[in-house]
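Worth saying up front: this structure is predicted, and the values here are computed from it rather than measured. Every chain is numbered from 1 and lettered A, B, ... according to where its sequence line falls, protein lines coming before strand lines.
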Amino acid sequence: MRLSRYFLPVLRETPADAQIASHRLMLRAGMIQQASAGIYSWMPLGLRVLKRLEQIVHEEQMAAGHIPLLMPTLQPASLWQESGRYDDYGQEMLRITDRQERRLVYGPTNEELITDIFRRHVNSYRDLPLTLYHIQWKFRDEIRPRFGIMRGREFLMKDGYNFDVDKDSALHAYNRHMVSYLNTYEKMGLKAIPMRASAGPIGGTHSHEFLVLAETGESEVYFDNDILELTESDHKVDFDNPQECAEVVKRWTTPYARTDETHDPVEFKSQISHSSRRQSRGIEVGQIFYFGTKYSEPMNAFVTNADGDRVPVHMGSHGIGVSRLVGAIIEANHDDRGIIWPEPVAPFLVGIINLAPKDKKTNDVCDDLSRRLSAFGKEPLYDDTHDRAGSKFATMDLIGIPWRLTVGPRGLIKGEIEMSHRRGGQTIICSPDEAINRLCRGNGRRE
RNA sequence: CGGGGCGUAGCGCAGUCUGGUAGCGCAACGGCUUUGGGAGCCGUAGGCCGUUGGUUCGAAUCCAAUCGCCCCGACCA
């Protein structure tokens, strides 16, 4: 992508409204623009990141055997009246009346709608287990939206719902989700810790939240330092094997890890040695629930089990805050010059800086680099503008592109360009061929 | 929803107390000079001072209402 033809409205000055790093940087990097309180337009650069996250979520969901569909943003109020949540949910739920005086809600979550879909089509345990999910915009009319995308009113969420014939199989679905979520966050280059949580308005008996540690997090968290050492995505888990999933869950839920909602200071002190106790702040980027028959009973979602009995289906729901993750990733990955994207989620893996757009040789090398990177599925952001070098470097740093190739006539005399790493800051001088080799070897990401 | 604050050019702000021709920096546009970490000089353009009403010879400025936005708190992914 040539910068001269792109739309990247970066801001040199910090907008007054932005309080935290991710909000400030997303505005400055031209990723988002506020439309009204807690509601944002996603500019091209921001959209690229959002789409990357979506893609990773889809891949990991499908790997776990979950089935994508797409439900609407507007839902009939009648379904919410059926479950009893129309009155329970409160002012946070945006209610709309259409021209026929029909009552609608802009969905803050989709338990009712998915249960309605399920009950119309599924009647037998033979059709279970089933997990359906979608990635869709939600709306919660927060009293006070803040921190940009981190706590907006409109947000993009992956929400999934499992349907199982009994509690044991539903708990396997719960475990399966925990494993797939661990994989998902790791694929994004994030450390997210599952912590025991309360179920809130969704209800239920089992719940874990996934938290990214960051000073600006909204939750106070307490955990055993050992949990930071755990990793998951290296292991290959058979998602259909309850034993294997349960083992992973056990490994991750054995070390103490709680939010302030479920924290028990006595247990914390007695269970963990002083040197391993950690207290920090965290940003919630996902949550999983098992709530049994809370919705299936009032909404009459029953199946016939192997014994021929009609039983309410056991359910859970599972969410990943996709738009919020963009902010969380920035909170955990930035410095005073700007964003530092983890490679898997970067809007562009490589930026090319042309230091002399009037020089034919320099242009030729830049064009060639662009073409070859694109051919490898790694479309670069190519700064072919006539700005000064310093300004180009500053922009590339601000928007956090992991790798930067700097091309100018001075280096090209010796056939050399400069390749530098945003995160580490290291710079090597090499030939264009070597830069391509370094960036494209291994199993590169597909655009 | 309680408390506080802010709406003046695309962005960041001054001017409001004490009413009298609307300003500064950055960005934009043109020219010259620069050219490897947010360049310099000269010039140009851009604003119904959030909106409505009132007071006044005269309102960005005073008064009232209203809309929007931000911060702290309670609430929340």
Side-chain donor/acceptor of [X] to base of [N], under 3.5 Å:
| X | N | answer |
| --- | --- | --- |
| A:R404 | B:G37 | yes |
| A:R151 | B:C75 | yes |
| A:R140 | B:C76 | no |

Would you mind classifying the nucleic acid contact of [X] as base, sugar-phosphate or nothing, using non-hydrogen atoms under 4.0 angstrom?
| X | answer |
| --- | --- |
| A:G152 | base |
| A:E418 | base |
| A:D387 | nothing |
| A:G411 | base |
| A:G408 | base |
| A:T406 | base |
| A:L355 | base |

> Between A:G286 and A:T395, which has a closest nucleotide on RNA chain B that is more 5'?
Replying inline: A:T395

> On RNA chain B, nearest-nucleotide positions of A:A35 versus A:A394: which is more 5'?
Replying inline: A:A394

With distance as the sole criterion, is a donor-acceptor pair present between the side chains of [X] and [Y] under 3.5 Å?
| X | Y | result |
| --- | --- | --- |
| A:H208 | A:Y174 | yes |
| A:R146 | A:H23 | no |
| A:D159 | A:H134 | yes |
| A:E111 | A:T109 | yes |
| A:Q136 | A:T73 | no |

Which value, in whole Å, describes the distance between the [atom1] atoms of nucleotides [N] and [M]?
| N | M | atom1 | value |
| --- | --- | --- | --- |
| B:C69 | B:A64 | P | 23 Å |
| B:G43 | B:C48 | C1' | 28 Å |
| B:A60 | B:C17 | P | 12 Å |
| B:C49 | B:G68 | C1' | 16 Å |
| B:G10 | B:A27 | P | 16 Å |
| B:U21 | B:G47 | C1' | 15 Å |
| B:U18 | B:C24 | C1' | 22 Å |
| B:G46 | B:A22 | P | 15 Å |

Which of the following nucleotides, [options], is nearest to the side chain of [X]?
| X | options | value |
| --- | --- | --- |
| A:A16 | B:G12, B:G36, B:G37 | B:G12 |
| A:R410 | B:C75, B:C26, B:G36 | B:G36 |
| A:R146 | B:G36, B:A74, B:C11 | B:A74 |
| A:A37 | B:C13, B:C69, B:G37 | B:C69 |

From [atom1] of [X] over to [atom2] of [N], roughly how many Å is that when rounded to an integer?
| X | N | atom1 | atom2 | result |
| --- | --- | --- | --- | --- |
| A:L8 | B:A27 | CG | P | 17 Å |
| A:I143 | B:C72 | CD1 | C1' | 14 Å |
| A:H386 | B:A28 | NE2 | P | 15 Å |
| A:E142 | B:C72 | CD | P | 14 Å |
| A:R153 | B:C69 | CZ | P | 7 Å |
| A:M43 | B:C11 | CE | P | 12 Å |
| A:Q33 | B:G10 | CD | P | 12 Å |
| A:K392 | B:U34 | NZ | C1' | 15 Å |

Nucleotide forming a Watson-Crick or wobble pair with [N], both distances under 3.5 Å:
| N | value |
| --- | --- |
| B:A39 | B:U33 |
| B:C6 | B:G68 |
| B:G46 | none |
| B:U61 | none |

> Which is it for A:Y295 and A:R85 under the side-chain hydrogen bond (donor to acceptor under 3.5 Å, both in side chains) test, yes or no, and what are the steps along the way?
Replying inline: CA-CA 10 Å; A:Y295 299 92; A:R85 284 207 294 180; 3.1 Å; yes

>> Taking only side-chain N and O atoms of A:Q34, does any of them lie within less than 4.0 angstrom of OP1 or OP2 on B:C70?
In response: yes

> Taking OP1 and OP2 of B:C70, is either one under 4.0 Å from a side-chain nitrogen or oxygen of A:R144?
Replying inline: no

>> For A:M157 and A:I135: C-alpha separation, side-chain torsions, deciding distance, then whether side-chain contact (heavy atoms from CB on, under 4.5 Å) applies.
In response: CA-CA 6 Å; A:M157 183 164 103; A:I135 297 177; over 6 Å; no

> Quick one: does NZ or CZ of A:R324 land under 6.0 Å from the six-membered ring centre of A:F155, within 45 degrees of the ring axis?
Replying inline: no

